[in-house]
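Read the structure below first, then the notes.
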Amino acid sequence: MTKKHKAVALISGGLDSLLAVRVLQEQGIEVEGINFYTGFCVEGHTHAIRNHDKDKQKRNNALWSAEQLGIKLHIVDVIEEYKDVLLNPKHGYGANMNPCLDCKIFMVSKAVEWVKENRKNDFDFIITGEVIGQRPMSQRKETMPIISNESGADDILLRPLCAKNLPPTKPELEGWVDREKLYGFSGRNRKPQMALAKQFGFTDYASPAGGCCFLTDKNYSDKLVDLWDARGSREYEMDDIMLLKVGRHLRPKPAFKLIIARDAGESKYLEGYRKQFVTIQVTSHNGPLTMVDGEIKAEDYDLVAGIVARYGQGRDAEQVEVEIAVPGEEKQTLHIKPLSAEQVSVEWHV
Amino acid sequence: MSHYKLDARRMLCPMPVIKTQNKVKELAEGDILDVICTDPGALSDIPAWARINGHKVIANREIDDELIITVRVGG
Ligand code: SF4
């Protein structure tokens with residue numbers, strides 16, 4: 001009996017990786033999935049935070065894809081290692097803070113590492129859902145060999161959806177997979193993928209607009225850069241990454257910014273930070289919980305209380321009561337007039 | 001068969017799933033793991049993860065905003 005060959009697939013949760021796996025399954029290849037969690041992935045977290053997102057996107061698309069395909073999925077936490085990719089990308093950034101090419105190289109190299117660590121499971125090659133020309137930065141004809149080489153995967157990296165546009169890889173040369181039954185997709189047009197999805201009977205798949213992570217989002221990237229500038233250092237922790245997705249961010253002074261919850265879900269989420277951060281809450285009226293990130297001085301209390309009051313139901317009142325809680329100290333109560341809309345400078349919005 | 005607990009409170013998905021996965025790797029077939037978490041996303045993600053990887057969620061409870069998801073290793 002001939003040996004059944006095994007591949008590990010990078011699963012992002014999007015349509016392309018879903019199709020890439022199915023194409024190989026059709027050829028009798030056994031596949032397991034691997035998904036890397038950088039901390040910036042679109043999958044997961046924020047859906048738990050904001051109220052209006054609660055019904056939307058409850059599922060994790062990487063898990064969903066694996067379930068559709070009937071494959072195992074290994075999720076790997078790469079938060080720490082990813083910092084170096086984001087902070088020092090050899091190939092630079094895309095339109096925003098997305099280091100896509102370095103990110104792809106990193107993920108494939110992690111898959112190579114994983115295959116070595118799991119040698120007993122006998123994986124023969126790695127597959128991705130990459131398509132030439134699909135993304136301006138990382139998925140171009142010139143970048144495909146860069147990813148293969150720099151990741152150390154070399155000829156065991158197969159892209160089933162665009163293999164026909166690339167030189168044959170080991171799985172094709174060795175006859176483990178039939179190159180003729182692979183695809184030659186290229187360009188930004190998604191129609192061929194959609195047709196293939198239909199052929200395979202996939203419906204309800206995820207199609208994220210930007211990329212697989214928040215770093216392709218301008219707003220998010222701006223907040224990240226603001227945070228680095230304000231701190232004078234590009235270090236970041238998981239809490240920083242999360243907090244950039246929560247609330248309205250206003251920086252009235254260089255030394256600190258306010259994170260103002262936009263709904264009850266976000267207020268509840270920020271509650272968890274009360275022990276670590278200065279928090280501000282209007283107590284005479286309904287209003288959002290606000291967190292201070294950075295160094296705030298007592299002389300700034302009136303200003304921040306006035307801003308926070310602007311975002312609560314007491315915004316038109318003559319005076320509201322605001323509580324400022326510094327961890328480990330007695331709460332302070334202030335009575336102030338909320339700022340008017342004009343007084344909240346647009347410049348403060350991060 | 002042993003009974004274990006995993007604290008995944010305040011973690012947001014997929015971290016509770018990753019922690020569960022890594023803990024389950026150390027356990028034996030038939031062991032029971034209670035995952036305590038606060039992200040409601042875990043209510044769909046942990047069962048999905050279990051279904052895919054051959055384990056079973058045998059109970060879900062909610063106590064004071066905390067969710068306890070009980071996984072049986074190996075189904
Ligand atoms: S969008 Fe994000 S996760 Fe996807 S390749 Fe680019 S940097 Fe990596």
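Numbered from 1 within each chain, the chains take letters A, B, ... in sequence-line order.
Across Leu69(A), Leu73(A), Ile79(A), Ile75(A), the residue that shares the most heavy-atom pairs under 4.5 angstrom with chain B is Ile75(A).
Inspection of the His3(B) and Asp34(B) side chains reveals an N or O donor paired with an N or O acceptor under 3.5 Å.
If you measure heavy-atom distances from Ile71(A) to chain B, the contacts under 4.5 Å come from the backbone alone.
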Task: side-chain contact (heavy atoms from CB on, under 4.5 Å) assessment of Glu67(A) paired with Arg51(B) - done: CA-CA 8 Å; Glu67(A) 196 164 13; Arg51(B) 284 194 301 274; 2.4 Å; yes

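Evaluation of the side-chain hydrogen bond (donor to acceptor under 3.5 Å, both in side chains) rule for Lys110(A) yields Glu81(A), Glu113(A) as partners, not counting sequence neighbours. Judged as a side-chain hydrogen bond (donor to acceptor under 3.5 Å, both in side chains), and not counting sequence neighbours, the contacts of Lys83(A) are Glu80(A). For Asp122(A), the side chain to side chain contact (heavy atoms under 4.5 Å, CB included) partners two or more places apart in sequence, or in a different chain, are Lys3(A).
Of the possible polar contacts, one joining the Ser221(A) side chain to the Met97(A) backbone as a donor-acceptor pair under 3.5 Å is found.
The shortest distance between side-chain heavy atoms of Tyr82(A) and Tyr37(A) does not fall below 4.5 Å.
Against chain A, the residues from residues 54-74 of chain B that qualify, each with a non-hydrogen atom under 4.5 angstrom away, are Asp65(B) in number order.
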